[in-house]
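This one's a predicted model, so the numbers in the text were calculated from it and none came from an experiment. Any value given below was found using the heavy atoms of this structure, including those in side chains, with hydrogens, waters and symmetry copies removed. Every chain is numbered from 1, with letters handed out A, B, ... down the list of sequences.
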Amino acid sequence: MMFSTVHVRHLQGVVTRPTAIRRRAVVTPTDVLDGGALHWLLRIACAAEFVGHGAFGIITKAAWVPYFGVAGIPSELAWKLMPVIGTVDITLGLCVGMLRPVRAVLLYMAVWGLLTATLRPLSGEPIWEFVERAPNWAIPLAFLCVRGWGHSRREWLS
Amino acid sequence: MTTEHASANVGRTQLDLLLRVAVAGALVGHGAYGAVMAKASWYGYFAVLGLSEPVVEAAGLLRITGGAEIALGLVALVFPVPVLLLLLTAWKIFTELLRPAAGEPFWEFMERASNMVAPLVLLYVRGWPSSLSKWFGGNARV
């Protein structure tokens, strides 16, 4: 699959920094449509996914107990840990959605999304439960790809 | 400059592949709930549409709907045609909305935001088609 130089610049610059649109002399409809929309689509998806998932941790969910069991955590402790995990999920979701999509958080989201999806078949659920959740880790990873891999600690925290 | 662009091209290709896998996974996995697992919760979603369990059973709607989702997911993996990606976005939003409509917590809908957005993100990354014919073509911008 080949892409033109314009598209590469578009992906590297405009999408990763929507504010760059405003700095440029000429703004095309494509810039506005792709740059802002794609950035916010990914951002809202990551935020909603983690806030929604975290909500189940706060209200607790019996289906989660076997997932803790995979890691050797007994059910009594699992019920206590659910709200903690839920709070972390919601906090990170709100950070990405309302503050800024920090690269390190996006990487955490991708890893956590893959880990939690993997726990399902490992706890005895059908493999399809894992397959259906591919976007849970792929979308945060895609957002990280679009923002660009960090080359320094400062970039990872920005 | 050449090296930088070559590197970016690889990145974009990987992003395209990553999103294709995400879209296919969401569709194939969800389709398997109906076609392979015959999940009981699906009867509740059909009930929202006015289709009772006996009707769904008699018409084999779980297998038909699930099978269609699996097929469309595989098509999107190989041929991510823009019009298909747009239809899949609408389909995912519609089917996920059935969850709260069937009495499940709203969080079930919200948690699946990535599943709904994945086809639309792939469409944006591949390029929004600039003409009607490109909606039915392969790469909109290439």
Side-chain angles (χ1 to χ4, degrees), chain A residues 1-12 15 29-30 33-35 37-39 41-59 61 89 93 109 113 117 125-146 148-149, chain B residues 1-2 4-9 11-37 39 66 69-70 73 92 105-128 130 138-139 141-142:
Chain A
M1 187 169 180
M2 296 296 292
F3 295 92
S4 70
T5 304
V6 172
H7 299 148
V8 172
R9 283 180 186 153
H10 148 75
L11 200 68
Q12 287 181 320
V15 174
T30 308
L33 186 70
D34 287 358
L38 180 56
H39 175 93
L41 268 177
L42 290 164
R43 196 163 166 177
I44 291 169
C46 290
E49 177 191 323
F50 269 70
V51 170
H53 189 261
F56 286 116
I58 298 287
I59 61 181
K61 199 174 183 181
D89 277 2
M109 286 177 155
E125 292 183 5
I127 188 70
W128 307 113
E129 297 280 357
F130 169 78
V131 174
E132 198 247 347
R133 284 167 177 80
N136 285 15
W137 54 267
I139 289 296
L141 189 57
F143 198 7
L144 181 59
C145 289
V146 166
W149 199 257
Chain B
M1 260 328 244
T2 308
E4 183 183 323
H5 287 157
S7 164
N9 279 341
R12 192 178 171 106
T13 305
Q14 288 169 339
L15 180 62
D16 182 85
L17 185 60
L18 175 67
L19 290 167
R20 284 198 208 191
V21 169
V23 172
L27 269 294
V28 172
H30 192 261
Y33 290 165
V36 181
M37 295 164 63
K39 265 193 168 182
E69 280 198 323
I70 292 171
K92 286 305 292 177
F106 179 73
W107 308 113
E108 293 281 1
F109 170 77
M110 198 167 170
E111 185 198 19
R112 287 169 174 80
S114 293
N115 292 45
M116 294 180 270
V117 160
L120 194 56
V121 171
L122 180 56
L123 179 55
Y124 272 118
V125 166
R126 293 181 67 80
W128 193 264
S130 55
N139 294 328
R141 278 181 169 169
V142 178

In terms of heavy-atom pairs under 4.5 Å with chain B, the winner among A:A45, A:A55, A:P135 is A:P135

Residue part contacting chain A, namely of B:F109, when any heavy atom lies under 4.5 Å:
neither

Given a strict heavy-atom distance threshold of 4.5 Å, which part of B:L18 is in contact with chain A: side chain, backbone, both, or neither?
both

Student check: side-chain heavy atoms of B:R112 and A:R133 closer than 4.5 Å
yes

Is the shortest side-chain heavy-atom distance between A:V51 and B:M110 below 4.5 Å?
yes

Any ion pair linking B:E108 and A:K61 (charged N to carboxylate O, less than 4.0 Å)?
yes

Checking A:L141 against chain B: side chain, backbone, both or neither under 4.5 Å from a heavy atom?
both

Can you say whether A:W137 sits under 4.5 Å from chain B via the side chain, the backbone, both, or neither, judging by heavy atoms?
side chain

For the interface with chain A, which of B:L27, B:V121, B:L123 has the highest count of heavy-atom pairs at distances below 4.5 Å?
B:V121

Can you find a pair of side-chain heavy atoms, one from A:I44 and one from B:V117, that are under 4.5 Å apart?
no

Is there a donor-acceptor pair closer than 3.5 Å between any side-chain N or O of B:N115 and the backbone N or O of A:E132?
yes

Select, from A:A142, A:A47, A:C46, A:A48, the one with the greatest count of heavy-atom pairs under 4.5 Å involving chain B.
A:A48

Looking only at side chains, do A:E129 and B:Y33 share a donor and an acceptor under 3.5 Å apart?
yes

